[in-house]
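These notes are about the structure you will find just below.
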Amino acid sequence: MSAKTLTQADLASLVGDLVAAGTRVVAPSRTGVGPLQHLDYREIKKADEMTLDAGLPKRSIKELFFPPTEVLFRWKQKKNDFELQEVETKFQKTVVIGARPCDAAAPEIVDRLMNWDYKDELWNGRREATTIVALACDGQDKSCFCTAVGLGPDSTKGADVLLVPVKGGYHAEILTAKGEALVKDFGKRFGEAKSADEAGKFRETARAKVEGNLKVDPKPIRTWLDGHFEDKYWGEIALRCHGCGACASVCPTCHCFDIVDEPEGIYEGARRRNWDTCQTGKFTLHGSGHNPRGTQNMRFRQRVTHKFAIYPRKFEEILCTGCGRCARACPGGMDLLEILSDIGQMAGGAA
Amino acid sequence: MSRIGVFVCHCGENIGRTVDCAAVAQACGELPGVVHSIDYKYMCSDPGQALVKQAVAEHKLDGVVVAACSPHMHEKTFRKTVANAGINRFLCEMANVREHCSWIHEDREEATQKAIDLTRFIVEKIKHNVPLEPIKIPVTRRALVIGGGIAGIQAALDIADGGCEVVLVEKEPSIGGHMSQLSETFPTLDCSQCILTPRMVEVYQHPRIKLMAYAEVDKVEGYIGNFTVTVRQKARGVNASLCNGCGECQKVCPNKKIASEFDAGLGKRPAIYVPFPQAVPNIPVIDRANCALYKGRARNAKKDACKKCEEVCGRKAIDFDQQDTFLTEKVGAIVVATGYQLYNIKKEQDKEAISGYGEYGYGTIPDVIDGLQFERLASASGPTGGKILRPSDGKEPKTVVFLQCIGSRDPAKGIDYCSKICCMYIAKHTMLYHHKVHGGQAIVFFMDIRAGGKGYDEFTRRAIEENDALYVRGRVSKMYRDGDVIKVLGFDTLSGEPMHIDADMVVLATAMRPQPGIESLAQKLSVSYDRFGFINEAHPKLRPVETNTAGVYVAGACQAPRDIPDAVAMASATASKILGLFSASELEREPLVAQVDQGTCAGCFHCVRVCPYGAVEHFEVKDRKGNLIKTVAQVNKGVCQGCGTCQANCPSKSVELQGFTDQQIFAAINAF
Amino acid sequence: MEKETASGESENTSASAHHGHAEESFRSEVRQAIGLNPAKCYQCGKCSAGCPMASEMTLMPHEMIRLVQLDRRDRLMQDESMWLCLTCETCTARCPNGFDPARMLDGLREMSLRAHGENAPRRIQAFHSSFLDQIRSHGRVFEFGLVFAYKMRSGALFDDVLNAPGMYFRGKLKLTPHTIDGVDDVRRIFDACMAEEER
Amino acid sequence: MKIGYFPGCSLDFSAKEFDTSLQAVATSAGMELEEIKDWACCGATSGHATNHLLSIALPARTLALAEEQELERVVAPCAACYSRLATARHEMAEDKKLFSKVTGILKRDFTNSVQVMNIAELLRDNLPAIKEKVTHPLKDLKVACYYGCLLVRPPKVTGFDDTEDPSSMEEVCRAAGATPVKWNKRLDCCGGGFSLSRTGSVIRLGKEILEDAQAAGAQAVVVACPMCHSNLDLRQKAIAEQTAKPLEMPILFITQLVGLAMGISEQILGLNRHFVSAQPIIAKATVKALPAAREEA
Amino acid sequence: MAAKTSTDKASFKPRIAAFVCNWCTYTGADLAGTSRLQMAPNVRIIRLPCTGRIDPLFIIKAFERGADGVIVSGCHPADCHYTSGNYHARRRFAVARDVFGFMGIDPKRITFSWVSASEGGKWAEVVNDTTARVQELGPFSAYREMEARV
Amino acid sequence: MQALQELARKLLTDKTANVVIGWGQGPRGPRPIFVTQPEHADRLIFDTRCVHNLATYLNPRRAHLVPFVKKAVVVKPCDARAVAGLIRETQVKREDVVLIGMRCGGVVRDSDMDGKLTEATVSPRCMDCPDREPKLADHLMGEEASAPPKGKGPDMIAKLDAMSPAERWEFWQKELERCVRCHACREVCPMCFCDRCIADKSMPQWIESSPHPRGNLSWQMTRVMHMAGRCVGCGECTRACPVDIPLGLILRKMTQTVEERFGYRVSDDPTVPAPMGAYRLDDKQEFIL
């Protein structure tokens, strides 16, 4: 589609314009002071709250569409009657600025699931209201492997606009109708595209940097996974896994949830949808006390298999964007790159 | 869905005046699960209870909430009512809208709102109540009495006469306690030994009493109806089954200069001795600290120094190598009757707070004695043969000063309480003194005369009016020895005159304190004690001889200062309680005890550490083949008293106290 | 029963204004000012029994406390006994109930002075004021000046004259005062304490 | 360690011998005394008999000065000064309101952290050092140790020795080679602050004390307070007027006694400043330097 | 704004939950009732057998449910019906108080007290003092607003 | 390091242990490894980047490690305190573990850093750790260690203590808002060994499971209460938290309280009883009316 230029100053003004127009603006932003500083995607009111040059935020943008907890409906009891109160499924217009490509791609992958048998109104409502302005990445660190799952530091998947850093600002690729609309609404902030070459160089450099981290082919991996459900590899690799689920919490594509009825007092309450993860023992625990995934080996196998075999089989998408957050977050030193590489080798050997 | 009935009581005007009872009934009627809600003038009256019964039947209630007075008042009443109506009594609870609401508030609107809230809490709580059945425990119909003073003797005899077996444990070589040391007893002036000795003999001969003198309780395990007690029989050095009490050994013992405990240090005894001639059992013990043979052995002497007693004993009863033995006794109830000791005015005291009396010379003046020593001086069987002679030089004291409240009522010296018996025995002493020393002057420094007992005040008046005792109201500031006399610097607060007296002898009415070691005994028994070490009764008025631990009772001066009639009355009371307990072969207990969910218990055993009763045990969960799966906690229902400390300390909430389960409390808070 | 309580209470509030009820009683004033509860004394007389000055007092220590308990301010404040206390602390050290008679007499004397102290024996009062004046003006007590000032105030001009030369010759009397550097500091403390006590 | 020194008004002059003897003994036994600079009077009886706040604030100033000098402990040889300092410290520690009131008045940074010691406590705590320096033990000298009131009373303020049966002074006298007698009036009051204003009482009380000491066989009375000293020494003449025969009881400061045993000169100890001469008993008590051999042992 | 706060404060009726032991404080509160001691109507008692049974979670839950203040009360040391439940509670709440305070819950909102069965008067004082203190602090709306932010 | 490897080889060869749990090199610095073959013993390493508390793997809830039965574990002093805690609370039998103790002078904040220990890199948990060697260990290795560098920056506890309750509330709300209730803090904690955590109990559900600030606050306060007198100060919860909530602050505050009030410091002596569940008659009670 088309391309534009967005200077640093214009980007700042754009934030102001959007806020003034009543649009919610979300961007990587720092909170806290000193050692307790956190970089997260969060709502900003002013451009200077935005931090675009500090790398990948700790948590992914998944929670913008699928919050850690959300109310599905509320109830009130009087005598034996229950009164239900629905929740709003229309959401405030939102622009995400500075989403990393590995984050931007994730909602599009999860869209498949959210619109498969049941169309999830809350997810879709938020998706519709949101425009994603992605920012091309220069490669975070050695745990990045987006290129191994078919994406890249400059991937446009899931993005409405992709910004590529160039001198003095950004080279902006307008990718979707939503992106076009944004440019149209705030045309005075976008200039003529003039740095396509410089942007191209940036993208190449970044891609080369990430590609070195992991080179595997997802296809034989999927084949190997399908054939090695009971492999002893799982027993060895998962010994150090605590089953804490930190990986799932930071993962942009993990989307399991639990539905709970949470009374507020006794006579009223809410049904909520909360994040859950297949990594804890409770996840598959039956009421009978039986647990089909009784050990951590089985749980960890589930995570890998789901992402690289089950989901692809059903939706032709790998449920992973290669952001590397799971490797960074794991307190036990589990590393998905290492595992994919191992499997890749085993698959190669088998083939 | 629950079917709960709410019954709001007006208590005449008591609740109705400030609480709109109809509004409470109406508001509670709106609550989910409540199928019946009414108010009534007097819910505890017969017609009121009939209303409850009728409603249970009519509305098939599975929970009854009575909003009325304190549950301490009528919970039993209403639980009985619902039981009569055919549902489990633990499905009935009370909301306290009288003591905690109508009586303490004036604003009708506020009070009504509060009454609704309080009732709602209980309605929500009761939704989680479950039927509970009383716990049945078998009873060993045998009692242990600890202490062989007059209280212990009386308790043992009463229980044994009632047909049950008794084990009586006394730590001294003979039973009899302090009463055996007394000369006469107030207010009748009977000879103490004359009334006590027959009872001691009765104990000895009773077929159902097992007497263990010179023995101490070592360990107590179990719970009401089922205690297992380990008793340490201390080594006498004399084989009790061979000894016939002839006394020859005592005659030949070369060391006869040991201060006699029985004579409160005023008389002497040999190293092998019975404490006094009428001792029961009449079997001597060897005082190993003073016996030449043991002293020699302690020094690793090559040859035993002296075996005179062994040589003279025709029955070969002397056994120098005897060791302490441990015996296990099964009993169903325990009486603590360990009695008292007297406050020691010396500086070295056993408790930090208790300091001794420097102003009276810290016990360094030989003619300053305590009440028990005076008893021995006055006793016909005492070291002076009943003559009042002062210890230092054996002279007859012409002026004797008696000081009351020494230690007692003296927080500065560490004791706040009144020792209760001193007023009476000092009056007795002045009489005995007056009778024995002609022309002698008894002067009593007192603060108040406390003579509340049958014939007591008449007795003290007689001491003053007819026995010439001079009562001076005031405390003595200082005493010191000055040549032959003791200077006593006191003050008469009635006349405002200083009283500087040259006394020949001074008798101190020192405070009664519990026996040393009572705390460790109390800990073994899991009974509580106050800061002075006196055993706490379960209720000061209504349960005066029970303790907080079911099956353990208390009699005599180990509970508080007591005179003989009090001690005897308490002892008989414990006997009647115990005979009542033993009247059935099983006993029922409230089922409000803790229960462990062994599925979720992680076996950290925090519960074991906090349980005041040792009621939580380890339990091994095994699979069908007998392989150990895990070790978890298990509550012994017989021992648990239902405090719930285990539950609060359980990290995974795997233990639940029946009647106060997390579900119940959570519901009540959630209804807030 | 309830009715009585209710009406009794309302009367109480009005009554207290007239009769100076519990709130303003002498014993509560003492309790307030000295910080000791006079009711702690149970009149055992041990203080009086040990008091070295008891033989010279008309009111014994325990009697003075009793008068406080009875709100008998005048009877107590007219008597000089409180001024005969040597503050030797014997009473306090031996009080069985943890009361502090010596501190209480200190406080009563202070209260007496504030009410012009008519009961203070002239000599004793003279001594105390001379002594404090010395501190106030020099920061320390200048003994010769003290004796001189005291004699002027008490009128006991010729007592002890015999000893003065003896003291002088043994080097025991200094004739010139030493004033400390921080005397202003001391004066400020005096003023502040006087003002505080007035409140 | 340095010990703060608060001489108090009496030691500043009328009881100068207490000061000089203490300084001499301290130096000999290796105690480092540092006088509190610009100290003021403690207020004595007149202070606390008339204005409670003043009776706390005056000693508090001194304690604050000691803190400023970074002293952790202060010795007040005069029993009355000691009592005032210790009482002020105790009351401020117990009563936070009073403490803040006083700090407000002082206008100084003050934490009330200085410990207060009396002379008996100081000497007792340094007995090993003192014993080492005793060269002229006062053999055969029977002394009556007189504590008076404020050294050990009230217990919650003093607390270094038993209130009713103290022993610290006796221990010190024994270290000096003297023999303490047992007597009854060692804790009785001498009349303290009534020396000038109620001399009659002082004479009555002094007589009882001295007679008891004499009856117990004492050759001298040892004191630890300048007021006790003046009441028993200065007033002895008047006391003697009421007794059958003259008492002639020398009154010695405890530091003078220790000083004698250390062989410090009578001039420095100020023995000549007393009304009742100590010469006869000093002469009698075989004062001899110990053979050097002992030091080796 | 200031005016609004002050009227709020005046009309604010604190809601206070009291967790008390059955043997001492509950009975003491009964005694206050029998003695007709008038007290603030803001406290709602929940009866437990012993302070040993009281879990810090009860306090948290009470705040969650809208309590503005909490009272925890039981037997004086050495008076525990179960001999030592109160000693365990004392340790538990010594820590809980610090932890809760550290997390921002004003310790002034929580009263811990020993009230014996004979101290009806003390119970009334505890109730009145706590009510007055919480009245002064205002509603604990911070706790209630937490959930609204989700 | 060589000594460590040799010992591990010996333990595995003579079957004293079926597994040696220690550290080995991973993609992001050292990480836990499980050596079961003597010939793999040379994979073991130890340096200042070995931050993980391996005692966690002794926790009986790690079902997949239970079959090893006899385990040898390499422990730092803080890890040894955790082992002692597990023994004290009957989760581990002393005879079932072989403890290879490493002398320790502190570790860096994260295993991914270079191992240089400075004021800026030292892990906050090491700052007030008094132990230089694990006394509980069966074998003690490594060089004599000196005290870790004092960390830089403000003492957050003192800073928070100085705030008003409202300010503290604000601070923690900001932090807890981030919590997603993954319970990683619990899962990695060596002392959290309940089969069914109270947070997972549903009848009644004391602690709301939803990640909203109310449930999050209840959870953290309750967790800290459960750690009272038990927390070994290894800092694993803080390290594991995927959203970087400074959980260690609350635990350190609690630890201070326990030490001040009860004079108790968690040690690696399993025979010393824990402070909660015990009492002294004269425990301070100035906060009780």
Side-chain angles (χ1 to χ4, degrees), chain C residues 34-35 52-53 56 83-90 92-94 100 102 105-107 109-110 113 121 123-124 126-129 131-132 134-135 139-143 146-147 150 154 156 159-160 163 166-167 170-174 178 180-183 185-186 188-190 192-194 196-197, chain D residues 8-10 12-16 37-41 43-55 57-58 61 65 83 95 101 104-107 148-150 152-155 157 163-164 187-189 191-194 196-201 204-205 230 234 237 270 272-275:
Chain C
I34 309 177
M53 292 301 284
E56 300 180 32
W83 291 96
L84 302 188
C85 167
L86 281 161
T87 66
C88 71
E89 305 272 358
T90 309
T92 297
R94 291 189 188 147
D100 190 344
L105 291 182
D106 270 353
R109 286 191 288 269
E110 203 174 317
L113 277 187
R123 287 179 161 211
I124 294 176
F127 177 80
H128 288 328
S129 10
F131 195 96
L132 293 177
Q134 287 286 321
I135 309 177
R140 292 183 193 168
V141 174
F142 156 51
E143 288 163 321
L146 168 68
V147 174
Y150 161 70
S154 64
D159 291 15
D160 266 343
N163 273 332
M167 285 185 80
R170 284 171 174 79
K172 290 215 164 206
L173 277 181
K174 193 155 74 166
H178 168 84
I180 67 168
D181 297 342
V183 70
D185 209 15
V186 170
R188 198 173 44 72
I189 292 174
F190 262 82
C193 291
M194 297 302 170
E196 181 71 32
E197 293 294 291
Chain D
C9 304
S10 304
D12 210 20
F13 213 79
S14 71
K16 194 73 195 165
K37 293 186 188 84
D38 208 41
W39 55 268
C41 175
T45 312
S46 301
H48 71 95
T50 56
N51 187 316
H52 177 244
L53 188 60
L54 182 66
S55 77
L58 278 176
R61 177 181 177 273
L65 292 174
S83 174
D95 183 349
K101 208 188 259 182
I105 290 171
L106 290 185
K107 297 197 162 63
C149 338
L150 300 175
V152 287
R153 278 197 295 263
V157 172
T163 303
E164 297 290 353
L187 298 168
D188 288 13
C189 183
F194 285 177
L196 286 176
S197 53
R198 211 176 155 92
T199 316
S201 306
R204 171 175 67 82
L205 294 165
S230 84
L234 177 75
K237 204 165 170 189
N272 55 337
R273 288 164 59 95
H274 295 175
F275 282 82

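Convention: sequence-line order gives letters A, B, ...; per-chain numbering from 1. Side-chain atoms are counted along with the backbone in the values below, which use heavy atoms only and exclude waters and symmetry mates.
Both the backbone and the side chain of I189(C) come within less than 4.5 Å of a heavy atom of chain D. Contact annotation for I105(D): both backbone and side-chain heavy atoms come within less than 4.5 Å of a heavy atom of chain C. Of the two parts of L106(D), the backbone and the side chain both hold a non-hydrogen atom closer than 4.5 Å to a non-hydrogen atom of chain C. Heavy atoms closer than 4.5 Å to chain D are found in both the backbone and the side chain of I124(C). Contacts between L105(C) and chain D at a heavy-atom distance below 4.5 Å are absent for every atom of the residue. Using a 4.5 Å cut-off between heavy atoms, D38(D) contacts chain C through both its backbone and its side chain. Only the side chain of T163(D) has a heavy atom closer than 4.5 Å to any heavy atom of chain C.
Across all their heavy atoms, L54(D) and F190(C) have their closest contact at CD2-CE2, 3.6 Å. Of all the heavy atoms in R204(D) and P52(C), the pair that sits closest is NH2-O, 2.9 Å. Across all their heavy atoms, W83(C) and P121(C) have their closest contact at CB-CD, 3.3 Å.
Remark: I34(C) CD1 to D106(C) CG distance equals 8.5 Å, nearest 0.5 Å. With rounding to the nearest 0.5 Å, the separation of OG1 in T50(D) from NE2 in H128(C) is 6.5 Å. The CG atom of D95(D) sits 8.5 Å away from atom NZ of K101(D), with the distance rounded to the nearest 0.5 Å.
For the set S55(D), A57(D), G148(D), P154(D), the count of heavy-atom pairs under 4.5 angstrom toward chain C peaks at P154(D). Contact count versus chain D (heavy atoms, under 4.5 Å) is highest, among V186(C), D185(C), V183(C), for D185(C). Ranked by heavy-atom pairs shorter than 4.5 Å toward chain C, the options S230(D), P155(D), S201(D) are led by S201(D). Ranked by non-hydrogen atom pairs under 4.5 Å with chain C, the options V157(D), D188(D), L58(D) are led by L58(D). Interface check for chain C: of the options G192(D), C149(D), S10(D), the most heavy-atom pairs under 4.5 Å are formed by C149(D).
Side chain of R153(D) to backbone of L187(D): a donor-acceptor contact under 3.5 angstrom is found.
In this structure, C85(C) and R109(C) have side chains that are in contact, with non-hydrogen atoms separated by less than 4.5 Å.
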